[in-house]
Amino acid sequence: MTDDTVIDSEVPPGGTGCAECEASGGWWFHLRRCAACGHIGCCDSSPSQHALRHANDRHHPVIRSFEPGEDWFWDYSTNEYLDGPTLAPPDAHPLDQAVPGPAGCVPAGWRRQLH
């Protein structure tokens with residue numbers, strides 16, 4: 001497990017979708033949660049890779065999957081999976097939320113746009 005400065009188990013997620021994609025009308029493939037501040041960003045396979053951008057811009061290297069049924073942590077600074085604590089709920093986006101999402105913003109042929 002990493003030190004407490006990069007994981008705050010008390011902070012809840014900042015929303016249910018990628019904050020930047022929602023603000024810009026973009027879309028995501030999968031979602032990641034910043035373990036330090038709860039920011040929700042899109043994964044490295046998504047067109048905009050907002051989780052990685054957030055990690056680099058804010059110096060918050062540890063993320064946790066925000067997908068239902070996934071509980072893994074990733075440290076961008078070491079490029080390794082790591083063990084982490086239970087975070088404040090919820091653990092994932094709502095089960096009825098579209099994947100990829102958000103509904104209505106995902107273009108035809110979206111698979112060709114994945115990284």
Side-chain angles (χ1 to χ4, degrees):
M1 181 161 133
T2 190
D3 71 61
D4 293 335
T5 62
V6 296
I7 296 179
D8 184 342
S9 62
E10 301 298 316
V11 68
T16 60
C18 176
E20 291 84 0
C21 286
E22 288 176 336
S24 68
W27 64 278
W28 59 80
F29 182 47
H30 289 135
L31 297 170
R32 306 297 180 235
R33 173 183 179 174
C34 176
C37 71
H39 175 271
I40 303 299
C42 53
C43 72
D44 292 355
S45 294
S46 298
S48 296
Q49 303 174 330
H50 287 123
L52 176 59
R53 288 182 188 199
H54 173 82
N56 290 334
D57 292 348
R58 298 289 304 271
H59 304 285
H60 291 170
V62 179
I63 59 166
R64 184 184 179 278
S65 176
F66 201 56
E67 293 298 315
E70 297 182 357
D71 61 0
W72 52 264
F73 286 81
W74 178 260
D75 186 336
Y76 283 117
S77 67
T78 63
N79 288 321
E80 295 179 330
Y81 291 99
L82 54 91
D83 293 326
T86 299
L87 300 180
D91 294 330
H93 64 77
L95 291 175
D96 62 353
Q97 183 170 301
V99 177
C105 292
V106 182
W110 60 268
R111 283 182 177 86
R112 291 187 305 273
Q113 296 181 38
L114 296 178
H115 291 268

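Any value given below was found using the heavy atoms of this structure, including those in side chains, with hydrogens, waters and symmetry copies removed.
- Atoms OH and CG, from Y76 and N56 in turn, are 8.5 Å apart once rounded to the nearest 0.5 Å.
- Summarising the geometry of L95 relative to P68, their closest heavy-atom pair is CD2-CB, 3.5 Å, with the distance given to 0.1 Å.
- Between the side chain of T16 and the backbone N or O of H93, no donor-acceptor pair lies under 3.5 Å.
- Residues W74 and N79 form a side-chain contact, since some pair of their non-hydrogen atoms from C-beta on lies under 4.5 Å apart.
- The two residues D91 and R33 make their nearest non-hydrogen contact at CA-NH1, 4.4 Å.
- Within the 4.5 Å cutoff, the side chain of R32 has no heavy atoms near those of the Q49 side chain.
- The list of side chain to side chain donor-acceptor pair (under 3.5 Å) pairs with a residue in residues 102-115, not counting sequence neighbours, is empty.
- In this structure the side chain of C21 reaches within 4.5 angstrom of the side chain of H50, judged on heavy atoms.
- Minimum interatomic distance between F73 and D83 (heavy atoms only, all atoms of both residues): CD1-C, 4.4 Å.
- C34 and C37 get closest at one heavy-atom pair: SG-N, 3.5 Å.
- A distance of 8.5 Å separates CG in D71 from OG in S65, rounded to the nearest 0.5 Å.
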Working note: E67 + W72, criterion side chain to side chain contact (heavy atoms under 4.5 Å, CB included); need CA distance, chi angles, decisive distance, verdict. CA-CA 10 Å; E67 293 298 315; W72 52 264; over 6 Å; no
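- The shortest distance between side-chain heavy atoms of W28 and P102 falls below 4.5 Å.
- Interatomic distance, CH2 of W27 versus OG of S48, reported as 9.0 Å (0.5 Å rounding).
- With sequence neighbours excluded, the residues that form a ring-ring contact (aromatic ring centres under 6.0 Å, His included) with H54 are H39, H60.
- Shortest non-hydrogen contact noted between C18 and L31 is N-CD2, 3.5 Å.
- Put simply, SG on C105 and CD on E22 are 9.0 Å apart, with the number rounded to the nearest 0.5 Å.
- R64 places no side-chain N or O within donor-acceptor distance of the main-chain N or O of T86, the cut-off being under 3.5 Å.
- Both V6 and L82 belong to a common hydrophobic cluster when Ile, Leu, Val, Met, Phe, Trp and Tyr are linked at side-chain heavy-atom distances under 4.5 angstrom.
- A single hydrophobic cluster is not seen to contain both V62 and Y81; linkage of ILVMFWY side chains at heavy-atom distances under 4.5 Å, directly or through other members, places them apart.
- Of the inter-residue distances, the one linking S45 atom OG with H30 atom NE2 reads 8.0 Å to the nearest 0.5 angstrom.
- Of all heavy-atom pairs spanning I7 and P85, the tightest one is CG2-CG, 3.6 Å.
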Run the side chain to side chain contact (heavy atoms under 4.5 Å, CB included) check on L87 and F66 step by step: do they pass? CA-CA 11 Å; L87 300 180; F66 201 56; over 6 Å; no
